[in-house]
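Written out below as structure tokens is the structure these notes cover.
These numbers come from a predicted model, not from an experiment.
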Amino acid sequence: MLKKHEAAATILRIVLGATFLIHGAAKFQGGIENTVGFFESLGFPGFSAYIVALVELIGGLAMVLGVGTRVVSILFAIVLAVAVVKVKLAGGFLGNGQMAGFELDLALLAISIFLAITNKSLFALDNVIFQSKNA
């Protein structure tokens, strides 16, 4: 039986995954060295840019496929929380004309937290891998 909340979670999971997958790919396509430089300018070690880019790229693909949804959602939430606090908060909710605001990051953070809590959506490989014995 189709459950509405699982269908809604599926939409959120796929959109969140695609968003991160595209952002991760863009970091590598645009030259990861640029991202490394940006991270270093914020006071982070350069290698953390690789970690974030890989979390976005691999995690995005995993999220679209529905593999490790809870773990990936938690990783996304951490990345987003750090981005809001360290980078976007100064620009305000809608931005200040020179930098983007944190409204999109906040929405993605909320979706990540929702998926980490519910961890159940349709058409996810997690449903096949972790089938319950009661199903």
Side-chain angles (χ1 to χ4, degrees):
M1 183 163 132
L2 181 67
K3 296 181 181 173
K4 291 178 188 176
H5 69 278
E6 289 182 18
T10 301
I11 294 167
L12 292 175
R13 177 179 54 85
I14 292 170
V15 169
L16 182 69
T19 301
F20 271 94
L21 177 65
I22 292 166
H23 276 266
K27 282 180 176 60
F28 286 108
Q29 289 175 340
I32 191 69
E33 300 81 21
N34 295 331
T35 306
V36 169
F38 177 67
F39 274 54
E40 288 173 341
S41 76
L42 295 172
F44 292 113
F47 72 87
S48 62
Y50 288 94
I51 294 170
V52 169
L54 288 171
V55 165
E56 290 178 355
L57 184 68
I58 297 168
L61 180 60
M63 186 67 70
V64 168
L65 296 174
V67 178
T69 302
R70 178 167 284 153
V71 172
V72 173
S73 294
I74 292 167
L75 292 173
F76 285 172
I78 292 167
V79 168
L80 288 162
V82 171
V84 167
V85 171
K86 191 73 174 167
V87 181
K88 302 281 186 97
L89 200 59
F93 188 76
L94 294 175
N96 59 13
Q98 295 188 348
M99 64 184 297
F102 61 87
E103 75 281 0
L104 176 62
D105 301 86
L106 188 61
L108 295 175
L109 177 61
I111 294 169
S112 296
I113 292 169
F114 172 80
L115 290 172
I117 292 169
T118 60
N119 193 35
K120 186 73 173 155
S121 63
L122 300 172
F123 311 115
L125 288 179
D126 281 343
N127 297 337
V128 175
I129 297 168
F130 304 111
Q131 281 184 339
S132 72
K133 294 177 184 172
N134 299 333

Check your understanding: With the 4.5 Å side-chain cut-off for hydrophobic clustering, are Leu54 and Ile78 part of the same group?
Key -> no
Exercise for review: In sequence, state the C-alpha distance, the side-chain angles, and the governing distance for Phe76 and Ile111, and then conclude on side-chain contact (heavy atoms from CB on, under 4.5 Å).
Suggested key: CA-CA 10 Å; Phe76 285 172; Ile111 294 169; over 6 Å; no
**Study point:** Where Ala53 and Lys27 come nearest, the two heavy atoms and their spacing
**Key:** CB-CD, 3.8 Å
Point to revise | Shared hydrophobic cluster, Phe39 / Leu57 (ILVMFWY, side-chain heavy atoms < 4.5 Å) | key: no
Practice item. Look up atom CD1 in Ile11 and atom CD in Glu6, then write down how far apart they are to the nearest 0.5 Å. Key: 12.5 Å
Study note, to complete from the structure: In this structure, CZ of Phe47 is separated from CD of Glu40 (nearest 0.5 Å) by 10.5 Å
**Study point:** Approximate separation, where rounding is to 0.5 Å, of Leu108 CG and Leu12 CG
**Key:** 10.5 Å
Practice item. Write down the atom of Ile113, the atom of Ala77, and the distance for their closest heavy-atom approach. Key: CG1-CB, 4.5 Å
Practice item. Mark yes or no for whether Thr35, through its side chain, and Ala49, through its backbone, hold a donor-acceptor pair below 3.5 Å. Key: no
Practice item. Report the C-alpha distance between Val52 and Phe44 in whole Å, list the side-chain angles of each, state the deciding distance to 0.1 Å, and finish with yes or no for side-chain contact (heavy atoms from CB on, under 4.5 Å). Key: CA-CA 11 Å; Val52 169; Phe44 292 113; over 6 Å; no
Exercise for review: Check whether any side-chain heavy atom of Arg13 sits under 4.5 Å from a side-chain heavy atom of Ser73, and report yes or no.
Suggested key: no
Point to revise | Same apolar cluster (I L V M F W Y, side chains within < 4.5 Å links), Phe38/Val55 | key: yes
Check your understanding: In Å and rounded to the nearest 0.5 Å, what is the CG to CD distance from Leu61 to Glu56?
Key -> 13.5 Å
Review point. Counting distance only, does the side-chain N/O of Asn127 pair as donor-acceptor with the main-chain N or O of Ser121 below 3.5 Å?
Key: yes
Check your understanding: Is Met63 linked to Leu104 within one hydrophobic cluster, defined over Ile, Leu, Val, Met, Phe, Trp and Tyr using a side-chain heavy-atom separation of less than 4.5 Å?
Key -> yes
**Study point:** Phe28 with Val36, same ILVMFWY side-chain cluster at under 4.5 Å
**Key:** yes
Practice item. Identify the heavy atoms of Pro45 and Ser48 that sit nearest to each other, and give their distance. Key: O-OG, 2.5 Å
Point to revise | Residue pair Val87 / Phe102, side-chain heavy-atom distance below 4.5 Å | key: no
Exercise for review: Check the surroundings of atom CZ in Phe123: do more than 12 heavy atoms from other residues, nucleotides or ligands lie under 6.0 Å from it?
Suggested key: no
Practice item. Determine whether Val72 and Phe20 make a side-chain contact, defined as any pair of heavy atoms from C-beta on separated by less than 4.5 Å. Key: no
Review point. Side chain of Arg70, backbone of Ile117: donor and acceptor closer than 3.5 Å?
Key: yes
Review point. Roughly how far apart are Leu16 CG and Phe114 CZ, rounded to 0.5 Å?
Key: 11.5 Å
Exercise for review: Spell out, as yes or no, whether a donor-acceptor pair under 3.5 Å connects the side chain of Asp126 to the backbone of Ile129.
Suggested key: no
**Study point:** Evaluation steps, side-chain contact (heavy atoms from CB on, under 4.5 Å), between Asp105 and Leu109
**Key:** CA-CA 6 Å; Asp105 301 86; Leu109 177 61; over 6 Å; no
Exercise for review: Output the distance between atom CG (Leu21) and atom CD1 (Ile14), rounded to the nearest 0.5 Å.
Suggested key: 12.5 Å
